[in-house]
Amino acid sequence: MLSLLKCLPPRNFKPILQLQQPCIYHFFSSSLQHKISHDPDNKNNKNNNVVVDFNLVFRSCTNINVAKQLHALLLVLGKAQDVVLLTQLVTLYATLGDLSLSSTTFKHIQRKNIFSWNSMVSAYVRRGRYRDSMDCVTELLSLSGVRPDFYTFPPVLKACLSLADGEKMHCWVLKMGFEHDVYVAASLIHLYSRFGAVEVAHKVFVDMPVRDVGSWNAMISGFCQNGNVAEALRVLDRMKTEEVKMDTVTVSSMLPICAQSNDVVGGVLVHLYVIKHGLESDVFVSNALINMYSKFGRLQDAQRVFDGMEVRDLVSWNSIIAAYEQNDDPVTALGFFKEMLFVGMRPDLLTVVSLASIFGQLSDRRIGRAVHGFVVRCRWLEVDIVIGYAQNGLASEAIDAYNMMEEGRTIVPNQGTWVSILPAYSHVGALQQGMKIHGRLIKNCLFLDVFVATCLIDMYGKCGRLEDAMSLFYEIPQETSVPWNAIISSLGIHGHGEKALQLFKDMRADGVKADHITFVSLLSACSHSGLVDEAQWCFDTMQKEYRIKPNLKHYGCMVDLFGRAGYLEKAYNLVSNMPIQADASIWGTLLAACRIHGNAELGTFASDRLLEVDSENVGYYVLLSNIYANVGKWEGAVKVRSLARDRGLRKTPGWSSVVVGSVVEVFYAGNQSHPQCAEIYEELRVLNAKMKSLGYVPDYSFVLQDVEEDEKEEILTSHSERLAIVFGIISTPPKSPIRIFKNLRVCGDCHNATKYISKITEREIIVRDSNRFHHFKDGICSCGDYW
DNA sequence: CTAGGGTTAG
C-alpha cells in the first residue's frame, strides 16, 4: 500500500476522496500499519517519499474518527510539529464538533503563529463558547511574540458579551490600526447595534473611508434590530444612490421589514429584484420570502417559493409549517411536519412551538364536539364546561399516537417523536413512562441531544424528580439558553428560588446569553419563594445589561411577586407605570393578590379594569365570580358567569391524575364512574372523621355554588385532587409516597386537608398544580402555605 | 491554514 502511495501523483487522490469516509479511513489505516511494521522507529525519516496531500484530505474529512486517524498518521510521518497542519486540525476538530480535541491540539503546538491563534479563537466562537474565545484572545494580546492581525478581531467582536467587553476590544482595534478594515468595521457596527448603541455603530459606519456591501448590510440590519425601520430605509436609499448593488444579505434583511410594516408592494418588488438578479437560490432569501408571504396571508405565494427551492434547511421547514399554522390550516401544517420528519430533517424548538399550536388548534375542534358529552358527566353549573382542555387533549393524543407507533413498530421514533411525546408525559405527570423513554434514549444515544434532553429535564422537573433533572442537566452541552431555562424553571416550581438564582449566575459565568424566557423563569422562581429584592435585581439586570424590554409576562411575574408578598401598592404602581397596556392577566394577578390580602378597594378597581379589557381567558371570570361567591354575593357571581357565557367562554374542568403502577388514573371533581368509586368514597369518609378529630375545619369559602352547608362539605370532599390522593392511598403500599398532578391550582381547602392526610397516613404527598409543587410531609407543606 | 453583514415564534 505504501508503494502504491508513492506511485500515485496527488491528482489521483481525488477519486479516492470522493469515496465514502470509511474508505478513506481504511486506506490510511492500512498505509499507517504498513509504515509502522516496516519502519517502527521512523528511522527512515524520508517523509517526502510518501505523497499525502493533507490539505486536500482535511478538506474532505467529515468524520471525527477519520480525523483522529489522520492526526495519528501525521504523528507517525514525523509531522507532529507542523504548525500549518496542526492548525488545520484545530479547525477540523471544531467543525466536526469536538472542541476539546481542538484545544488540546492547539495547546500542543509549540510555535503557535497568528494563524493558529485565529483558528482557535474562531473555533470557540463558531461553537458558541464565547467566554473561552475571549480568554484565548486576552492571552494572545498579552504575548509579545505574536501580533493579532485583522483576521483576529471579527470573531472576537462577536464573542463580546457586554458593551464593556466590546469597548475594550474596540480600543485594541484602534491600537492596532484595523478600524478601517471592512470586516472589522462591519463587526464593530454589528457589535454596537447588538447592545443598542446604534449611534456609535453609525459613527463607525460614517467614518469608513471605503465601504463594501457588507458594511451597508451591517448598518441596515443594525437599525432594524433596534426597531428603527425608517433609518434603515434611509441607509438603503443612500446605498442605491451610491450604486451599490443589493446582494442576498441585503435582501434577506429587507424582507422582514416589508413583512413587519405590511408593505406588500415593497415586498413583491424585492421579490422581483431577487428573480431578476438570480438570488432565489439562496436559502436565506427564500426562507425570508416564505415568512413574508405568510405574514401577508398569501399562502400560495409562500408555497410557490417553498416548492421552487433546490435546497431546504430547517428554517425552510419551520417557516412553511408556521405559515400554515398561523393561517389557520393546522392540518396542512401537520402534513408538512410529517414530511419534514420523513425527509430526515430534525425538528428544533421552533418546530415544537408551531407543533404545540397545531395540536392546540386541532384539539379545540375535537373538544368542541366533546363538550356536550361533558355537560352530562360533570355536575357543574351550565357555564362551567370544557375548553382549555386542549392541552389535556394534546397530551392524550400524543400518548395515543406514541402507543400506536410502539404497537405497529412500523415507524422508527426519532428526535421529533421524543420532543412531542415527552412534554405530553410531563403534562400529565407520568414519571414512569417518561423514565422508560429515557432508558430507550440512552440506548439510542439521543439523550445528549439538547432538545430531547431539555424535554427530559422538564419532564423530571415537572414530575417532582429535581435531582434527576439536575444531574441530567450537568451531562449535556450547555451552550444555549434552552437547557438553562428548563432547569431554572424546574427549580422555580419547586420553590428553590435561591438555587434558581445561583444557576442564573453560573449561566452568566459560562457566557451563555440569557433570553426573555430565562427571565420569565427566574422572576417566577423568585415569586414562588417570595424573593422580592432578588426579583427586583433580575428585573433591572434584564433591562440594563441584557437590553431586554420586559413584556407582559415579565410584568405579570413582578405584579404577582409584589402582590403575594403583600406590597399591593408597589404592585399597583408598577401596573400603572408600565409602558405597555396591561392585559387581563395583569389585572387578574393583581386581583388575586387583593383576594389573598383582603384589599376590597383595590380589588374592585382591578376587577373593573379586568372586565374593560376584552379577555378570552375564562380563568379571570372564574376568579372574579369566586370572589363574589366568597362573600355570598351570588347574584354577582351569576352575572359574571353569564358574562363569560355571552363571550363564549367555558371553564376548564379541574382534573387530577395519580400514577398507580404503570397506569395514569385521571379524576374529575365529583367523579362517580370509577370502578373503585365506592371504596374511594368510603375511605374519604373515614379520613374526614380522623381529620376533624385532629382539628380540621372545612373552609366553605372555596365552595363556589350556592348550596346548603352539608352539600358544601360534600363538594369539597369530592374535589378531584382529593379523589386522586385517596385512590393513591388505597392502591399503593403503606407509607410509599404519592404523586398527584392537578391541571389547575390546588384548592385552598384541599391544601389544608392534604396536610392532615399526610400526617394521618404517614405518607409523603407530592402535589404538582398548574403553578408549582407542594411537598406534604408530617402535616407540613414545603411551600409554607405561601403560594 | 484564519475573518464580517442575513432568514424562523410569542
Side-chain angles (χ1 to χ4, degrees), chain A residues 54-55 58-59 82-92 94-95 106 109 112-123 125-126 140 148-158 178 181-191 193-194 201 204-205 211-222 224-225 235 239 246-257 259 279 282-292 294-295 302 305 309 312-323 325-326 347-357 515-517 520 551-553:
Chain A
F54 276 101
N55 227 316
F58 279 155
R59 234 176 295 156
D82 185 317
V83 192
V84 175
L85 292 180
L86 289 180
T87 301
Q88 280 182 297
L89 261 178
V90 170
T91 304
L92 182 61
T95 310
F106 174 73
I109 305 178
K112 301 180 184 68
N113 58 22
I114 190 58
F115 290 91
S116 325
W117 285 95
N118 289 344
S119 302
M120 194 63 243
V121 170
S122 73
V125 174
R126 271 192 291 160
L140 166 65
D149 61 5
F150 43 68
Y151 281 88
T152 315
F153 289 100
V156 192
L157 291 168
K158 200 180 194 172
F178 297 135
D181 177 84
V182 278
Y183 281 75
V184 176
S187 303
L188 281 170
I189 294 170
H190 180 72
L191 171 106
S193 308
R194 199 151 50 91
V204 175
F205 177 76
R211 285 184 275 259
D212 69 352
V213 212
S215 328
W216 291 94
N217 290 340
M219 200 59 252
I220 292 170
S221 80
C224 291
Q225 276 167 21
V235 177
M239 179 180 173
M246 294 202 287
D247 69 353
T248 52
V249 180
T250 328
V251 167
S252 37
S253 333
M254 277 305 300
L255 290 170
I257 305 179
L279 308 178
D282 186 274
V283 232
F284 282 80
V285 170
S286 297
N287 293 344
L289 280 169
I290 295 172
N291 285 305
M292 182 188 72
S294 154
K295 289 232 170 65
V305 175
M309 290 174 80
R312 297 185 187 111
D313 66 0
L314 178 60
V315 181
S316 321
W317 286 98
N318 283 348
S319 302
I320 196 74
I321 291 170
E325 174 255 305
Q326 305 222 326
D348 73 345
L349 189 70
L350 290 188
T351 326
V352 180
V353 168
S354 291
L355 201 61
S357 166
D515 56 21
H516 61 108
I517 300 170
V520 173
N551 61 29
L552 281 170
K553 276 201 177 134

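The sequence lines fix the lettering, A, B, ..., with proteins before strands; numbering per chain opens at 1.
Ser252(A) is linked by a side chain to side chain donor-acceptor pair (under 3.5 Å) to nothing, counting only residues two or more places apart in sequence or in another chain. Every residue two or more places apart in sequence or in another chain that forms a side chain to side chain donor-acceptor pair (under 3.5 Å) with Thr87(A) is listed here: Ser116(A). Every residue meeting the side chain to side chain donor-acceptor pair (under 3.5 Å) condition with Asn551(A), not counting sequence neighbours, appears here in chain and number order: His554(A). Taking the side chain to side chain donor-acceptor pair (under 3.5 Å) definition, one finds that Thr248(A) meets it with nothing, sequence neighbours left out. Partners of Asn318(A) according to the side chain to side chain contact (heavy atoms under 4.5 Å, CB included) rule, which considers only residues two or more places apart in sequence or in another chain, are Leu314(A), Met340(A), Asp348(A), Leu350(A), Thr351(A).
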How would nucleotides 1-7 of chain B be written as a contact map, 5' to 3', with B for base contact, S for sugar-phosphate-only contact and - for no contact, using protein heavy atoms under 4.0 Å? BBBBBBB
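Within the 4.0 angstrom heavy-atom criterion, no nucleotide atom of any strand lies near Lys112(A).
In this structure, the CD atom of Gln326(A) is 6 Å from the P atom of dA9(B), given to the nearest Å.
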